[in-house]
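First up is the structure itself, then whatever we jot down about it.
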There are 2 protein chains.
Amino acid sequence: MHRHSRQRKVILDVLKRTKTHPSADWVYREVKKEIPNISLGTVYRNLKLLQSIGEVTEISCEGNEGRFEGNSHLHYHITCQKCGQIKDVDDIILHDIEGKVARATGFKITNHCVGFAGICPACLE
Amino acid sequence: MHRHSRQRKVILDVLKRTKTHPSADWVYREVKKEIPNISLGTVYRNLKLLQSIGEVTEISCEGNEGRFEGNSHLHYHITCQKCGQIKDVDDIILHDIEGKVARATGFKITNHCVGFAGICPACLE
DNA sequence: AATAATAACAGGAATTATTACTATTATATT
DNA sequence: AATATAATAGTAATAATTCCTGTTATTATT
């Protein structure tokens with residue numbers, strides 16, 4: 001059973017209000033502003049716990065391991081390597097890729113990581 | 001300029017002949033059978049060098065960082081979250097996703113990261 | 001409100017994966 | 001064969017994460 005703790009609440013708040021995809025250490029430093037003696041272990045433990053209850057997602061694409069986000073809905077993105085903008089890829093384009101892979105492999109799929117990088121139309125000119 | 005070394009050759013041979021997606025440490029232990037005093041640093045250095053010349057790929061999706069493969073034909077990966085095995089998903093299943101995304105977004109795509117995670121048929125029982 | 005049970009904590013040690021350093025060895029070129 | 005230096009072995013260092021232990025705080029129960 002989970003008890004409430006101030007530490008957990010502040011960690012989640014920090015994640016919910018940032019638009020970036022911070023590392024555990026960034027979260028630690030941020031939470032420290034409010035709870036100066038928080039332990040890094042507490043941050044890791046809670047990031048894991050919050051993941052397990054679906055409040056937080058760990059990004060696993062594009063070498064961004066160890067980055068977390070509080071907005072846990074699935075999405076695809078494409079990054080321009082020149083100007084850095086990130087665009088969304090319409091779900092329809094990649095419709096049912098999980099289903100296709102599940103049928104081909106026999107796996108029960110629980111997660112996927114789909115991301116692209118390239119040069120955007122504007123930068124191509 | 002690259003010189004040839006026995007160490008590099010054996011490391012590449014080991015990777016080319018395995019069907020698994022080994023870690024640097026597994027490669028190290030395997031190469032040790034042939035070159036008992038090889039250094040782990042040598043394995044890491046060569047894995048990196050072999051990557052840079054396209055002989056070896058490092059898997060970068062779904063928390064599989066640090067896994068390598070010598071098989072360079074296009075395919076995707078699926079990882080079992082229970083037993084940890086990594087299997088290949090043939091390109092045909094997700095045929096031309098890069099092209100689809102390119103046409104939908106107008107990007108010139110140069111890189112992608114596509115991987116899946118779930119529970120494998122054996123672990124589902 | 002006080003008590004008891006234990007989840008969660010802080011702080012530090014331990015672990016793991018990877019990289020950096022340095023003196024020595026091996027390879028390609030002359 | 002002599003030379004220059006890429007590559008090596010072995011070790012130390014770094015970074016990210018997890019584990020451990022004694023203490024604190026939260027929740028349920030009285």
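Reminder, nothing fancy here: chain letters follow the sequence lines and each chain counts from 1.
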Of all residues at least two apart in sequence or in a different chain, which pass the salt bridge (Lys or Arg N to Asp or Glu O under 4.0 Å) check with Lys33(B)?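 Lys33(B) satisfies salt bridge (Lys or Arg N to Asp or Glu O under 4.0 Å) with Glu30(B) only.
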
Exceeds 12 heavy-atom contacts within 6.0 angstrom, atom CD1 of Ile92(B): no

With the side chain of [X] defined as its heavy atoms from C-beta on, choose the nearest nucleotide among [options].
{"X": "Ala24(B)", "options": "dA10(C), dT18(C), dT18(D)", "result": "dT18(C)"}
{"X": "Arg8(B)", "options": "dA10(C), dT8(D), dT18(D)", "result": "dT8(D)"}
{"X": "Arg45(A)", "options": "dA9(D), dT19(C), dA8(C)", "result": "dA8(C)"}

How close or far is atom [atom2] of [N] from atom [atom1] of [X], stated in whole angstroms?
{"X": "Asn37(A)", "N": "dT24(D)", "atom1": "CG", "atom2": "P", "answer": "12 Å"}
{"X": "Leu47(A)", "N": "dC9(C)", "atom1": "CG", "atom2": "P", "answer": "11 Å"}
{"X": "Leu49(B)", "N": "dA7(D)", "atom1": "CG", "atom2": "P", "answer": "6 Å"}
{"X": "Ile35(B)", "N": "dA7(D)", "atom1": "CD1", "atom2": "C1'", "answer": "12 Å"}
{"X": "Lys9(A)", "N": "dA25(D)", "atom1": "NZ", "atom2": "P", "answer": "18 Å"}
{"X": "Tyr44(A)", "N": "dG11(C)", "atom1": "OH", "atom2": "P", "answer": "17 Å"}
{"X": "Asp25(B)", "N": "dA17(C)", "atom1": "CG", "atom2": "C1'", "answer": "9 Å"}
{"X": "Leu40(B)", "N": "dA20(C)", "atom1": "CG", "atom2": "C1'", "answer": "13 Å"}

Under 4.0 Å protein heavy-atom contact, by nucleotide of nucleotides 22-30 of chain C - B base, S sugar-phosphate only: ----BBS--

Side-chain contact test, heavy atoms from C-beta onward, threshold under 4.5 Å: evaluate it for His95(B) versus Lys100(B) and give yes or no. no

Could you tell me whether the side chain of Thr18(A) reaches within less than 4.5 Å of the side chain of Val27(A), counting heavy atoms only?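 The answer is no, as the side chains (C-beta and beyond) never meet within the 4.5 Å cut-off.
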
For Gln7(A) and dA25(D), is the shortest distance between a side-chain N/O and OP1 or OP2 below 4.0 Å?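 For dA25(D), OP1/OP2 do not have a side-chain N/O of Gln7(A) under 4.0 Å.
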
Report yes if a side-chain nitrogen or oxygen of Lys48(A) is closer than 4.0 Å to either non-bridging phosphate oxygen (OP1 or OP2) of dT18(D); otherwise report no. yes

Supply the atom-to-atom distance Leu12(A) CG to Ile53(A) CD1, rounded to the nearest 0.5 angstrom.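 The CG atom of Leu12(A) sits 7.5 Å away from the CD1 atom of Ile53(A).
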
Is there a side-chain contact (heavy atoms from CB on, under 4.5 Å) between Thr105(A) and Lys87(B)? Walk through the geometry before answering. CA-CA 9 Å; Thr105(A) 61; Lys87(B) 273 188 150 179; 6.0 Å; no

By nearest nucleotide on DNA chain C, pick out whichever of Ser39(A) and Gly41(B) is the more 5' one.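 That would be Ser39(A).
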
Using the rule side-chain hydrogen bond (donor to acceptor under 3.5 Å, both in side chains), only one of Gln51(B), Gln7(B), Arg8(B), Lys9(B) pairs with Asn46(B); which is it? Arg8(B)

Touch check for Asn46(B), heavy atoms < 4.0 angstrom, all strands: base, sugar-phosphate only, or nothing? sugar-phosphate

